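Only heavy atoms go into these numbers, but all of them, side chains included; no hydrogens, no water, no symmetry mates. Quick caveat: nothing in here was measured; it's all calculated off a predicted structure.
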Amino acid sequence: MAIHPSAEVHSSAIVDDGAVVGEGCVVGPFSVIGANVTLKARVHVKSHAVLTGLTEIGDETEIFPFACVGEVPQDLKFDGEETRLVVGKRNRIREGATLNTGTKGGGGITRVGDDCLFMTGAHVGHDAIVGNRVVMANQAALAGHCIIEDDVIIGGLSGIHQFVRIGKGAIIGAVTMVTNDVIPYGLVQGPRGALDGLNLVGLKRKGVSRADITALRAAYQMLAQGDGAFQDRAQRLGNESDSEYVQDIVKFVLGNSGRSFLTPG
């Protein structure tokens with residue numbers, strides 16, 4: 001056990017031998033820090049949280065009561081192999097949220113980027129890769145092997161099917177089941193998630209130029225109504241547009257997909 005002299009650990013907390021508690025960390029009452037957990041600088045673990053497994057928590061991350069971070073994956077194929085969870089900087093993991101380690105068959109690691117918000121009861125499944133500035137609202141859930149790119153918002157009570165990719169800047173409405181890949185900047189809503197346009201509000205809030213938004217609108221229409229297969233339309237978009245935002249969509253559609261795509265209606 002290595003606890004930095006500046007760290008504050010409540011007398012009722014359990015910090016197992018082997019754990020590393022970094023500079024300026026705060027560990028609240030009745031929390032449990034497992035033997036293979038590393039807390040980087042200024043991590044704040046509030047009361048009754050459980051951190052276990054081979055888990056690393058980045059600087060200034062805040063973990064709220066009753067969150068469970070680093071527990072073994074919910075996968076019947078898991079056989080006790082050593083796998084990891086790596087969480088980046090300045091994340092907020094709210095009450096009752098769960099983040100699991102990876103599996104041998106999925107690469108052995110679950111990874112979360114920086115500045116994410118996991119609201120009450122959110123779940124990040126094994127081997128998921130979550131980018132930066134992702135927001136998962138209350139009770140939203142990622143199944144195993146999902147890839148969530150930067151700046152994605154997932155609405156409350158929504159579920160993302162295993163192996164699904166969600167492109168950067170996309171938004172998923174509340175109470176939505178997503179079973180196929182979502183293009184960057186897409187808007188998905190409805191009980192059986194359908195691609196229903198672009199995340200225009202998010203683009204405007206981000207300060208994306210009018211020219212790029214116009215290019216994205218045109219690209220969306222071409223994907224919806226152009227000739228040929230979906231990937232063929234994306235390939236033509238790549239040849240016809242120099243907008244970096246349109247190119248994000250092209251690269252995503254032409255990348256590897258284990259679940260095919262939600263396509264414009």
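Side-chain contact annotation: His126 with Thr110, donor-acceptor N/O pair under 3.5 Å absent. Glu71 and Asn100 share no donor-acceptor pair across their side chains, judged by distance under 3.5 Å alone. In the model, Asp75 has no side-chain atom that pairs as donor or acceptor with a side-chain atom of Thr103 under 3.5 Å.
Stacking of Arg165 on the aromatic ring of Phe252 is recorded, both the 6.0 Å distance cut-off and the 45° axial limit being met. A cation-pi arrangement is present between Arg94 and Phe64, with the terminal nitrogen or guanidinium carbon under 6.0 Å from the aromatic centre and inside a 45° cone about the axis.
Side-chain N or O atoms of Thr214 include one that pairs as donor or acceptor with a backbone N or O of Arg210 at under 3.5 Å. A donor-acceptor contact shorter than 3.5 Å is absent between the side chain of Ser47 and the backbone of Gly28. In this structure a side-chain-to-backbone donor-acceptor pair under 3.5 Å is present from Thr83 to Gly102. With hydrogens and angles ignored, the 3.5 Å screen pairs no side-chain donor or acceptor of Tyr220 with any backbone N or O of Leu198. Distance alone, capped at 3.5 Å, places no donor-acceptor pair between the Ser243 side chain and the Ser241 backbone. Side-chain atoms of Asp196 do not come within 3.5 Å of backbone N or O of Val188 as any donor-acceptor pair. Judged by distance alone, with hydrogens and angles left aside, the side-chain atoms of Thr38 form no donor-acceptor pair with the main-chain N or O of Val20 at under 3.5 Å.
With a 4.5 Å cut-off on side-chain heavy atoms, Gln74 and His123 count as touching. Looking at Ile3 and Val27, their side chains never come closer than 4.5 Å, going by heavy atoms from C-beta outward. Under the 4.5 Å side-chain criterion, counting only non-hydrogen atoms from C-beta, Leu54 is in contact with Glu82. Side-chain contact between Asn91 and Val112 is present, with at least one heavy-atom pair separated by less than 4.5 Å. Residues Val87 and Leu99 are in side-chain contact: their nearest non-hydrogen atoms beyond the backbone lie under 4.5 Å apart. Looking at heavy atoms from C-beta onward, Val246 lies in side-chain contact with Leu216 at the 4.5 angstrom threshold. The side-chain heavy atoms of Thr55 and Arg84, taken from C-beta on, include no pair separated by under 4.5 Å.
Considering Arg42, Arg90, Lys46, Arg92 as possible partners of Glu62, the one that fulfils the salt bridge (charged side-chain N to carboxylate O under 4.0 Å, His left out) test is Lys46. The one candidate from Val69, Leu51, Val37 that meets the side chain to side chain contact (heavy atoms under 4.5 Å, CB included) condition with Leu85 is Val69.
The OG atom of Ser12 sits 7.5 Å away from the NE2 atom of His48 when rounded to the nearest 0.5 Å. Residue Thr101 holds its OG1 atom at 8.5 Å from CD of Glu81, rounded to the nearest 0.5 Å. For the atom pair CG (Leu203) and OG (Ser209), the distance works out to 10.0 Å, reported to the nearest 0.5 Å. To the nearest 0.5 Å, the span separating CD1 on Ile63 from CD1 on Ile93 amounts to 4.5 Å. If you take CG on Leu195 and CG on Leu262, they are separated by 6.0 Å, rounding to the nearest 0.5 Å. Rounding to the nearest 0.5 Å places CG of Asn36 at 12.5 Å from CD of Glu56.
Contact record, Ser158 with Ile172: OG-CG2, 4.3 Å, taken as the closest heavy-atom pair. Looking at every heavy atom in both residues, Ala7 comes nearest to Gly22 through CB-O, 3.7 Å. Here the shortest heavy-atom pairing between Thr61 and Gly88 reads OG1-O, 3.0 Å. Summarising the geometry of Ala41 relative to Cys25, their closest heavy-atom pair is C-SG, 4.3 Å, with the distance given to 0.1 Å. Closest approach of Gly169 and Val152 over heavy atoms only: N-CG2, 4.1 Å.
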Could you list the donor-acceptor pairs under 3.5 angstrom formed by side chains in residues 128-149, with sequence neighbours left out?
unit_1: Asn132; atom_1: OD1; unit_2: Asp114; atom_2: N; d: 2.8
unit_1: Arg133; atom_1: NE; unit_2: Asp151; atom_2: OD1; d: 2.7
unit_1: Arg133; atom_1: NH2; unit_2: Asp151; atom_2: OD2; d: 3.2
unit_1: Asn138; atom_1: OD1; unit_2: Thr120; atom_2: N; d: 3.3
unit_1: Gln139; atom_1: NE2; unit_2: Thr120; atom_2: O; d: 3.4
unit_1: Glu149; atom_1: OE1; unit_2: Lys168; atom_2: N; d: 3.0

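Applying the ring-ring contact (aromatic ring centres under 6.0 Å, His included) test to every pair with at least one member in residues 223-244, sequence neighbours left out, gives these pairs: Phe230-Phe261.
Under the 4.5 Å side-chain heavy-atom criterion for Ile, Leu, Val, Met, Phe, Trp and Tyr, Ile57 and Val9 are members of the same hydrophobic cluster. Cluster annotation: Ile213 is connected to Ile183 through the hydrophobic network of ILVMFWY side chains, with a link wherever side-chain heavy atoms come within less than 4.5 Å. Note on Leu200: it clusters hydrophobically with Ile166, by side-chain heavy-atom contacts below 4.5 Å among ILVMFWY residues. Criterion: ILVMFWY side-chain heavy atoms under 4.5 Å apart, direct or through other members. Under it, Met119 and Ile171 are part of a common hydrophobic cluster. At a threshold of 4.5 Å between side-chain heavy atoms, the hydrophobic network of Ile, Leu, Val, Met, Phe, Trp and Tyr places Val43 and Phe30 in two separate groups.
Within 6.0 Å of atom CG in Asp227, 12 or fewer heavy atoms from other residues, nucleotides or ligands are found, so the atom counts as exposed in its surroundings. More than 12 non-hydrogen atoms from other residues, nucleotides or ligands lie less than 6.0 angstrom from CE of Met222.
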Report the C-alpha separation of Val15 and Val21 in whole Å, then their side-chain angles, then the decisive distance to 0.1 Å, and conclude whether the side-chain contact (heavy atoms from CB on, under 4.5 Å) test is met. CA-CA 9 Å; Val15 181; Val21 180; 4.2 Å; yes
Could you give me the CA-CA distance, side-chain angles and deciding distance for Ile33 and Ile14, then say whether side-chain contact (heavy atoms from CB on, under 4.5 Å) is met? CA-CA 6 Å; Ile33 311 297; Ile14 297 173; over 6 Å; no
Could you go through the side-chain contact (heavy atoms from CB on, under 4.5 Å) check for Asp181 and Phe163 one step at a time? CA-CA 9 Å; Asp181 291 357; Phe163 295 102; over 6 Å; no
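Under a 4.5 Å side-chain heavy-atom criterion applied to ILVMFWY residues, the cluster that includes Ile109 comprises Val86 as well.
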